[in-house]
Each structure stands twice: as C-alpha cells, then as structure tokens.
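Inspection log for the structure reproduced underneath, given as structure tokens.
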Number of protein chains: 2
Amino acid sequence: MPGPARNARAPVKITDVAAAAGVAPMTVSRVINTPDRVSAETAARVREAIERLGYVPNLIAGGLSSRRSRMVAAIVPTIAHPMFAGLVQTFTDALRQAGYQVMLSLSGYEEPEQPGLIRALLGRRPDALLLTGADHDAGARQMLTEAHIPIVEIWDVSKDPIDMLVGFDHTQVGAAVAAFFRAKGHTRFATVSANDPRALERTEGFQDAALRGGGQIIASRVTAAPSTIMAGRSAMAEILPMVTDRTALFCSSDLLAFGALTEARLHGLRVPDQLAVCGFGNFELSGAAEPPFTTVHVEGAETGRMAANFLLRRLAGEPARDTDRVQVPFRILERGST
Amino acid sequence: MPGPARNARAPVKITDVAAAAGVAPMTVSRVINTPDRVSAETAARVREAIERLGYVPNLIAGGLSSRRSRMVAAIVPTIAHPMFAGLVQTFTDALRQAGYQVMLSLSGYEEPEQPGLIRALLGRRPDALLLTGADHDAGARQMLTEAHIPIVEIWDVSKDPIDMLVGFDHTQVGAAVAAFFRAKGHTRFATVSANDPRALERTEGFQDAALRGGGQIIASRVTAAPSTIMAGRSAMAEILPMVTDRTALFCSSDLLAFGALTEARLHGLRVPDQLAVCGFGNFELSGAAEPPFTTVHVEGAETGRMAANFLLRRLAGEPARDTDRVQVPFRILERGST
DNA sequence: GTGAAAGCGCTAACAG
DNA sequence: CTGTTAGCGCTTTCAC
C-alpha cells in the first residue's frame, strides 16, 4: 500500500497544509497569526493538519512579506563579563516573552569592527537594535539612522544618542568613589583599570576628583581587557612598593579588585588600614568572598529589562518621548575592604 | 535645486542600485556574491553606486530565494557559566569568519521549553544548529531530523545523538575524581551539586565510584542551578558537623568549591588535611584564588571551535562520517586543596 | 560577461 | 469569516 509520499524531502509549506485542511493558504496564515479571525471549527481542522504534517512556518518568507522580522539584534562587547551576561539574559527573556527572537553579536573590546558587523546585522532587517555604548563613526551612524528602526544604546551616556538610551556616566562613578574615599580621610590614591573605553572613563573620573580634592595619585596601572583576577594580582604586585603609607585603590572591575586584595594580603598588607580597595560591578564574588569587599553596584539586569521595554513600546507603535533616555542609578556598597 | 528625493523613507533596494549603475539587478547581485564573474569596470561602477546610495542588501529576501539563511542557531542553557560563555565566544567567532551569523538562544535550566524554542528557531530556517546536551522528546526530535540541516550536540555524550556530537561523559568525570581521591587514601566522601542534569550525573558518577571503592558518602547536598559561591558556602555550613574526620569533597562547579573552601577555612578546617576539595570547570577563580584549588578542566573553548568546524564542514558539502562524534578530553588539575 | 523571466513561501489589501 | 490577487527583494535558471 504505497500511500502518499511520506518523508518527501521537500519541506511542507503553507499550501500543503491548506490543501490538507481544505482551505485557502490565507486561512492557514490566519490560524497561526490571528486566530480570533477564524471560526473555531476551521481553526481546529487547520491545526490538525499542521500537527499531522509537522508544518513549521517559514518565518523568512513571512518576514519578507510582512516586512517585520520579529527579530531584534543586540551588540555587546562580551558575555564573559557577568554584568553583560546578566543584562543579555534579562533583555532576551523580556523580548522572547513578546515574541521576538534576539540575534546576539559579540563585538569584542579590541578592534571596533562596527561597520561590517552593523551592516551584517542590518541586512537581516531586525525590527529593533540594542547597541552597547560606542562612538559610532559617521558611516555607521548613517546606516543606523537610515534603517528607521528603534535603537537603544546602553551602558554609557553618549553625548549624542542615536535614539533611546539606558546608561550611566562612568566619569561620575569614578568621582563618586573618590568622594567616598575622601570622606574617610584618604589622600593617597591608586588605580588599576582594564584597557576598555568605559573602564578608563571611570578611572579618569576617579583620578580627576581625587586630585581636585587635594589628593595624590601614587600609582596607576592599565591591564588588557577583559579584566581577570590574575591581572589584578600582577598589577598589585607592581604597585606594592609604592604603598608605603595608607592608600586607597580603585579597580575598574571586581575581578581586578579581588586579585589586588588577594595579592595584598599575601604580602601582609592590612586591609583596610594600610590599603583600602573598591571594585566595580558587584559581581557575586565581591559579596561572597571572605571578607567581602566594597564595590560599586549598577543595575545590569534592570538595564536589560528597561532596554527591552523601551524597544517593545516603540515596536507597539508608541512615539518617541523624552523619557526614552534614562540614567541607571549606581551606588557604592560599603563592605570590609574600606 | 530639488534634486532626486533624498532621504526617501523607502529603503534602497537592488533595483535602485542597478538603475543607478546602469546594469541589471542580477549584475548587482553578482558583484556582491560572486565578484569573479563580473568585469572589473562593471564591478567598480556598481560598487560606487552601492556606496553612494548606502545600499544594505536584504538578507531576508536573499535567503528566501537562495534557501540559505547564512545563519546558525545555537541553544545553550545559560551564558552566566564561564564555560558556556567561552564556548559560545569561540563558536560564534569561528562561524562569523566563515560568513555565518549565530542566533543564540538561552534555554535556562528549569523548564525544558524545548519544543516551542526549537520550533521558533527552525522557523527561521537556520542552515545549521547547535544543541546543548538534552534529551529531546519525540516531537522535538522529529522536527529536528525533518529540518534536514547539520546538527551538532555538545556538552554531553548522548546515547543516541541526532547527528554530530562533541561532548564528554559526565559520569566518567565523577568517577575519575573519586579515583583521584582514593589514590590519596581517602575513604570518607561528600558532594555538593547544582540541580542540573549534567551536574547530577557527575555527582552520581563520583558517588558510585566512591562506594564501589569501599568508601562512604558522609554527606551530599543539592543546590539550585545555576551554581553560586554563596550556595557553596551554605552547603558547606550544613555539612561541617559531619566532617569529623578526614574528608574529600567533590563540588559540581568551581563556584561551589570556592564557596565551600571559603566557609571551611572560616570555621578553622585545615585544607587539605581535614578537608580536601575538588571543583569542576577550571574557572579562572580556581587558579587565581589564594591558595589555588584542585579542579577538573574541560576544553570549553575547544568544544566551541570543534562544533563550529563540524558544522562548517557539512555546510561546505562534505558528507557525514564516523569522526563526527568525538569525546572532549578532561583532566584533573591538582592544586593546593587536595 | 550580462540580462530576462520566474519564482522562493508567505502576508497585505481588498473582495465577497 | 474566508478567498483572491499581487507582491515583499532577492537569486536561480536559462538565454544571449
């Protein structure tokens, strides 16, 4: 009994389902996309056919026709950084719940391969875009604006955002940490920073504020991005000879801070008497290590959620508004290291 | 001077470029995809027009027509885990270099929302797929095989892989750690494991081997996935009273191990004399903490690279072969905690 | 080396 | 509530 050619290599398409259910292709489309506009019986019959044939709608074709890809592209430097990992998680979750798929791209810290990357992403016609704070060159910026899609930039408060923004001022973070140290009577400061634009901004903000307050910078080290514990240890080892008196150290990441603390203790430095240390990021490590150390907390997860909501609001048709540019608050969590 | 309508909201398409360059659309397509088949002069003229108009080819349309999306979908449980973060990085890099974009999906550890997720991904017609070890139900498995695309499963050696495989046997890892401890004369064992399938497999492998070797399990704790340092500390705090004699602890992750060690030292336990600890993952923390602790190293980055190469080979037209299923080696890195 | 015709599989828009 | 028509923007295929 031959029966109908099962397992035909040709994938089943909407016309196959329509034929099987005895309806027009458009009706199948409606059952999938706007079930309310189809009678219950018809819908049931169509669904049965979809199930039986194992139909998986071709979203590529649908997207071309409807001019909506139901896809959002996101560019972040890395996901090795807990902050970005968390941010991407919440961003992705929020969008998936709304029926959007996220196309993630990792740009790295090194070469700003933005132009090619942005081009490749835009070619897939995402309905919206998330960018991690970066100074886009003129060409990239033009492509971005001509795409006519909602764009949210995160992580940094750009002077001149393309569209929406969820970030904070890294210089201010550094300044706040300097003020925190000064309030504790510190006058000798040191920094260890990863060599990435935002980390350097925080470090400069710290140094400027420290100097303006009459303090002195006794040492500063810049390590390769992304940050590692080992880099923190090495930097601390180099700085050690300069720590001849009570010193306050700001690290651009909790990983560096943990490394610095580890190395400092190994050499018998008393924390926080001789060396006070503040990190950045509030990674789990900063609170779970023994003893816990002081750090700057920034709402990474919340940033992802807000960015997603901004995009979704626009995708739902709402117009741009003033409140589309927000500062994410940060705060210093004081723990045993200061 | 009005000039041609600049900034027209309609995005520029291939016909616009063709008209501007005085050629047929097909020629523009060739300049982009198969430049060798176009004369140098024509190509130059077309490229100038592309540049001037800011043309970004619509890959959705191209994909529909060519039936190749130049996109690879990947499903991993999380990227908060350094192993997966690294794996995703190398996988993504390798594919991007070959001109493929990776569409990443995070499935989480909790509810296996596989069916819906797989359906959504397959709807975008990826050219290939990466799956993180999971037992797919019959429906998912059918969709997967009927997609007729290369699939690589990672992280776990499935009994019955769908197609290609790059993983290792988690039970064997646990057994190897037990053997390692036994060789050091241990007879009392304990475990702390995250509640995820693979972690539990490693833990069971450890316990079985330990018992078979005549040892005894004095305590075992299961914590929520994903692992955290704090969970390791809490679990250790619970286990402490049972550590009345020389004990060997296996943690399903370095995060748990670090937490356990931190807590144990805080309570004055001597490591490794009273308590020996082995983690899993070789996160930077295990080697950079002071003192460093013993762990199991698995080549995460290499797994991502191999998975990518497997897929690329198939995408290049090569047939399936025996060597498409490989075991990733693992090894125990002995450090101060054992 | 270049062009013309014919779709890819779906949905918007309009009828009925 | 359901169907018909006409594309979406590209590439395949076949001519020239």
Side-chain angles (χ1 to χ4, degrees), chain A residues 8-47 49-50 53-71 99 120 122-127 147-148, chain B residues 8-47 49-50 53-71 122-127 147-148:
Chain A
R9 246 215 96 116
V12 16
K13 43 198 184 189
I14 200 168
T15 49
D16 300 328
V17 176
V23 297
M26 194 59 225
T27 300
V28 177
S29 173
R30 286 198 185 97
V31 170
I32 294 167
N33 300 307
T34 54
D36 325 339
R37 300 184 191 173
V38 182
S39 76
E41 306 96 282
T42 311
R45 201 146 36 90
V46 170
R47 266 192 262 272
I50 288 176
L53 299 180
Y55 173 55
V56 179
N58 185 332
L59 269 32
I60 294 279
L64 178 60
S65 182
S66 67
R67 291 142 159 286
R68 303 190 325 127
S69 61
R70 294 226 137 249
M71 210 195 70
L122 252 27
R124 296 192 189 277
R125 298 297 187 268
D127 290 340
H148 296 294
Chain B
R9 249 216 88 122
V12 15
K13 40 197 185 186
I14 201 169
T15 49
D16 300 327
V17 176
V23 297
M26 196 52 230
T27 301
V28 177
S29 172
R30 286 198 184 97
V31 170
I32 294 167
N33 301 308
T34 53
D36 326 340
R37 300 185 192 174
V38 182
S39 77
E41 306 97 282
T42 311
R45 204 146 33 91
V46 170
R47 265 192 262 273
I50 289 177
L53 299 180
Y55 173 56
V56 179
N58 185 331
L59 269 33
I60 294 280
L64 177 59
S65 185
S66 67
R67 291 139 161 284
R68 302 191 325 129
S69 61
R70 295 227 134 248
M71 210 195 69
L122 252 27
R124 297 194 188 277
R125 300 295 189 265
D127 291 339
H148 297 294

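Throughout, a chain's letter reflects where its sequence line sits, starting with A, and its residues are numbered from 1. Below, each value reflects all heavy atoms present in this structure, side chains not excepted, and no hydrogens, waters or symmetry copies. Because the structure is predicted, anything quoted here is derived from the model rather than measured.
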B:Asp16: which residues meet the side chain to side chain donor-acceptor pair (under 3.5 Å) condition with it, sequence neighbours left out? none
Among residues two or more places apart or on two chains, list those pairs meeting side-chain hydrogen bond (donor to acceptor under 3.5 Å, both in side chains) that have a residue in residues 61-70 of chain A. A:Ser69-A:Asp127
Side chain to side chain donor-acceptor pair (under 3.5 Å) partners for A:Ser39, two or more places apart: A:Thr42
CG-CD1 distance between B:Leu59 and A:Ile60, expressed to the nearest 0.5 angstrom: 9.0 Å
Test of understanding: with side-chain contact (heavy atoms from CB on, under 4.5 Å), list the residues that count as partners of B:Ala49, not counting sequence neighbours. B:Val17, B:Ala20, B:Ala21, B:Arg52
N/O donor-acceptor pairs under 3.5 Å from side chains in residues 22-35 of chain A, not counting sequence neighbours:
{"from": "A:Ser29", "atom 1": "OG", "to": "A:Asn33", "atom 2": "ND2", "distance (Å)": "3.4"}
{"from": "A:Asn33", "atom 1": "ND2", "to": "A:Ser29", "atom 2": "O", "distance (Å)": "3.1"}

Counting only side-chain N and O atoms of A:Thr27, is one of them less than 4.0 Å from OP1 or OP2 of D:dT2? no
Degree of bending, the helix from C:dG1-D:dC16 to C:dG16-D:dC1 (end axes from five pairs; round to 10°): 20°
Round to the nearest Å and state the distance from B:Arg37 atom CZ to C:dG3 atom P. 16 Å
Set of side chain to side chain donor-acceptor pair (under 3.5 Å) partners for B:Asn58, sequence neighbours left out: none
Can you tabulate the close N/O pairs, meaning under 3.5 Å, that link protein atoms to atoms of nucleotides 9-13 of chain C?
{"from": "C:dG9", "atom 1": "OP1", "to": "B:Arg67", "atom 2": "NH2", "distance (Å)": "2.8"}
{"from": "C:dG9", "atom 1": "OP2", "to": "A:Lys13", "atom 2": "NZ", "distance (Å)": "2.8"}
{"from": "C:dG9", "atom 1": "N2", "to": "A:Ala61", "atom 2": "O", "distance (Å)": "3.2"}
{"from": "C:dC10", "atom 1": "OP1", "to": "A:Tyr55", "atom 2": "OH", "distance (Å)": "2.5"}
{"from": "C:dC10", "atom 1": "OP1", "to": "A:Asn58", "atom 2": "N", "distance (Å)": "3.2"}
{"from": "C:dC10", "atom 1": "OP2", "to": "A:Ile14", "atom 2": "N", "distance (Å)": "2.4"}
{"from": "C:dC10", "atom 1": "O2", "to": "A:Ser65", "atom 2": "OG", "distance (Å)": "3.3"}
{"from": "C:dT11", "atom 1": "OP1", "to": "A:Asn33", "atom 2": "ND2", "distance (Å)": "2.8"}
{"from": "C:dT11", "atom 1": "OP2", "to": "A:Ser29", "atom 2": "OG", "distance (Å)": "2.6"}
{"from": "C:dT11", "atom 1": "O4'", "to": "A:Ser65", "atom 2": "OG", "distance (Å)": "2.8"}
{"from": "C:dT11", "atom 1": "O2", "to": "A:Ser65", "atom 2": "OG", "distance (Å)": "3.4"}

Could you walk me through whether B:Leu64 and B:Arg125 pass the side chain to side chain contact (heavy atoms under 4.5 Å, CB included) check? CA-CA 9 Å; B:Leu64 177 59; B:Arg125 300 295 189 265; over 6 Å; no
